[in-house]
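All remarks here apply to the structure that follows.
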Amino acid sequence: MDPTYKALAEFAQSWGLLFFFIVFLAIVAYAFWPSNKKKFDEAARSPLREDDKHE
């Protein structure tokens, strides 16, 4: 196996895992951040408001 390929594969496997774990933590933090609660609650009710307008 080509040593360059092996080195790049090992780099991508280790740092790729770290990168995606950090992205996952950022998404979870954004979802549970207290200041976003109002925005998410409004988004959850928006389909119901749109149905009321059509009746």
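Side-chain atoms are counted along with the backbone in the values below, which use heavy atoms only and exclude waters and symmetry mates. Heads up: numbering here begins at 1 and tracks the sequence. None of the values given here were measured: they were computed from a predicted structure.
Here the options are Arg45, Lys37, Lys38, the test is salt bridge (charged side-chain N to carboxylate O under 4.0 Å, His left out), and the partner is Asp41; only Lys37 passes.
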Pairs of donor and acceptor atoms involving the side chains of residues 22-34, under 3.5 Å and at least two apart or interchain, shall be tabulated with distances.
{"unit_1": "Tyr30", "atom_1": "OH", "unit_2": "Lys39", "atom_2": "NZ", "d": "3.1"}

For residues 5-19, which side-chain N or O atoms pair as donor and acceptor with protein atoms under 3.5 Å away, sequence neighbours left out?
{"unit_1": "Ser14", "atom_1": "OG", "unit_2": "Glu10", "atom_2": "O", "d": "3.0"}
{"unit_1": "Ser14", "atom_1": "OG", "unit_2": "Phe11", "atom_2": "O", "d": "3.3"}

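In this view, Asp2 satisfies the salt bridge (Lys or Arg N to Asp or Glu O under 4.0 Å) rule with no residue, not counting sequence neighbours.
Residues Ala43 and Ser46 approach most closely at O-OG, 2.9 Å, considering heavy atoms.
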